Engineer: 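I'd like to ask some things about the structure below.
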2 protein chains.
Amino acid sequence: MHPLVTMRRMSPKRGGTGPHTPGAIWLRTRAPGRNTGSELSRERIADATVTVLDRDGMSGLSLRRLATTLNVHATTLYWHVATRDDLLDLALDAVFGEVVLPETHAHDWTHDITGYMHGLRTALLQHPWSGALASSRPLLGPNALARAEFVHAALASAGFTELDLTAAAAAISNYVIGTVATETSWQHVDETPARQALNEHLHHHAALYPTLATQPPPIDTTWEAHFTRGMTFLLAGLTAQLSRDQ
Amino acid sequence: MHPLVTMRRMSPKRGGTGPHTPGAIWLRTRAPGRNTGSELSRERIADATVTVLDRDGMSGLSLRRLATTLNVHATTLYWHVATRDDLLDLALDAVFGEVVLPETHAHDWTHDITGYMHGLRTALLQHPWSGALASSRPLLGPNALARAEFVHAALASAGFTELDLTAAAAAISNYVIGTVATETSWQHVDETPARQALNEHLHHHAALYPTLATQPPPIDTTWEAHFTRGMTFLLAGLTAQLSRDQ
DNA sequence: ACCTGAACACCGTTCAAGT
DNA sequence: ACCTGAACACCGTTCAAGT
């Protein structure tokens, strides 16, 4: 009440070694006895967050807006979640949950890997906010970990070990997430006026960018072809490494 | 003044085919006669933005804070820039400007490419916010375009054409940006308490994640080794493709 | 051409209080 | 154990006004 106490509010959580770091929701131990028959649950919140993000985009997600779609008040969410960032971790792991894994590994490990890469790409593209998000935070949710386990297992059975195994798994994951992030980031530029402005820009500076100016700019329908081509490069490099070992 | 007119304010720019899309600052034609001897300039603003981002992080960048370091009022920035997003495009391209390109291409194109990849990685790591940012928006600034031109030229001279050329260039750029984004996103998890929590989490669920549980979790000093290894994989795949063509 | 100042419609988060 | 309501300290952005 006293006006002099007014300045005590903290600015947005920053720094601090505390547990409020992205991905940390997975590492915090939940108090037992939570969630007994309450209306809200992490699952419902995760799903609702995905829905709002799909509809309104990353900048359209606010606690107030999310709360409305859950028929609840904004501050209620803080009982289930510590931070807005937690919501993003929840939503992102839900997307990873959409990637279907085969029940058994294929004879040919490259089948497992290319199948997974296509599956992950499809899931991420379904939720245009998820690619950029996935490249901005550690992927520690149960669904993401299960996918990582699948990839590691496939690579291990192929013969990769130690640093090679980790580097290969990272390269695979990064490739998919990176290409999807790029692709979705171009979604607005893909609209004709922006694309035209870009073309004019490049040709106007053709002296500076001789090679780029000749290059056809990405067109919607070629994203997948480019993805598959680059995936081929990467897998060729991986198999080359294997045969060098044997 | 009249209270009934109050609701007319718009919510944050969303949708709309208008020119307010990420990266668009580069595609907008500036009114001529701008910036004649004024104190502020795009360059000064870009540099200040980088400084604030380095110091306060992505969530710590606000127009008010940036304006303060420029000794100017927040609303003044709108004369030079249309949107907060424009600031990010400006800052990101400044980081690309830190990547030094060799004056001439090497005899061996892989030297050019690996040199560039290391250089880009170093620059992005210097500004921990830049990796995630780079994977979230089109890279259309003059500095980014010049780097892209360099990579395309090196690959073209190596013999890549058409789809192979574009896919190879994209894979190279994505690989660096993706690995840096991952590495920086782990910076907080790398602190001991969080890392310990993660280790316990993985071992506690060892049944679910048998392969992951055996895997040594990333340690600060191994990031570069992993980066270099994955780069080797990618380049092996690229050279394999070349020799198949000939 | 460039900068200021006031104002609007939002934010995330805390905390005391209800059931 | 879970939800509400009021409040705080911020935001980005617009617009009329100054020089």
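Because the structure is a prediction, the values reported are computed rather than measured. Note on naming: letters A, B, ... go to the chains in the order of the sequence lines (proteins, then strands), and numbering restarts at 1 for each one.
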Engineer: With side chains defined as the heavy atoms from C-beta onward, is the minimum distance between A:W186 and A:L198 less than 4.5 Å?
Structural biologist: yes
Engineer: What is the distance from CZ of A:R64 to P of C:dG12, rounded to the nearest Å?
Structural biologist: 7 Å
Engineer: Within a strict 4.5 Å, meaning less than it, do heavy atoms of the B:V100 and B:Y116 side chains meet?
Structural biologist: no
Engineer: What I'd like to find out is whether the side chain of B:V72 reaches to under 4.5 Å of the side chain of B:R44, using heavy atoms alone.
Structural biologist: no
Engineer: Quick one: A:Y78 OH to C:dT13 P, roughly how many Å, whole number?
Structural biologist: 3 Å
Engineer: Indicate whether OP1 or OP2 belonging to C:dT4 is found under 4.0 Å from a side-chain N or O atom of B:T76.
Structural biologist: yes
Engineer: Counting heavy atoms from C-beta on, name the nucleotide in C:dC3, C:dT13, D:dC11 closest to the side chain of A:T75.
Structural biologist: C:dT13
Engineer: Test your reading of the model: is there a side-chain donor-acceptor pair from B:S135 to the backbone of A:G178, 3.5 Å cut-off?
Structural biologist: no
Engineer: Kindly indicate whether the side chain of A:R42, heavy atoms from C-beta on, has any atom under 4.5 Å from the side chain of A:I25.
Structural biologist: yes
Engineer: I want to check something: taking the side chain as every heavy atom from C-beta on, are B:H226 and B:E183 in contact at a cut-off of under 4.5 Å?
Structural biologist: no
Engineer: Find the runs of at least 3 consecutive base pairs, i with j, i+1 with j-1 and so on, that include DNA chain C, using Watson-Crick or G-U wobble geometry with both distances under 3.5 Å.
Structural biologist: C:4-8 with D:12-16, C:12-16 with D:4-8
Engineer: Answer yes or no: does a side-chain N or O of B:H73 lie under 4.0 Å from OP1 or OP2 of C:dG5?
Structural biologist: yes
Engineer: From CG of B:L77 over to C1' of D:dG12, roughly how many Å is that when rounded to an integer?
Structural biologist: 11 Å
Engineer: In whole angstrom, give the distance that lies between atom CZ of B:R84 and atom P of C:dC11.
Structural biologist: 15 Å
Engineer: Round to the nearest Å and state the distance from A:L70 atom CG to D:dC2 atom P.
Structural biologist: 16 Å
Engineer: What integer distance in Å separates A:L87:CG from C:dT13:C1'?
Structural biologist: 13 Å
Engineer: Could you state the atom-to-atom distance from NE2 of A:H80 to P of D:dA1 in whole Å?
Structural biologist: 13 Å
Engineer: Under 4.0 Å, heavy atoms only, any strand: does B:L61 hit a base, just the sugar-phosphate, or nothing?
Structural biologist: sugar-phosphate
Engineer: Measure CH2/A:W79 against C1'/C:dT19 and give the value in whole Å, please.
Structural biologist: 13 Å
Engineer: Report the relative orientation of the aromatic rings in B:H118 and B:F227; use parallel for angles under 30°, tilted for 30 to 60°, perpendicular for over 60°.
Structural biologist: perpendicular
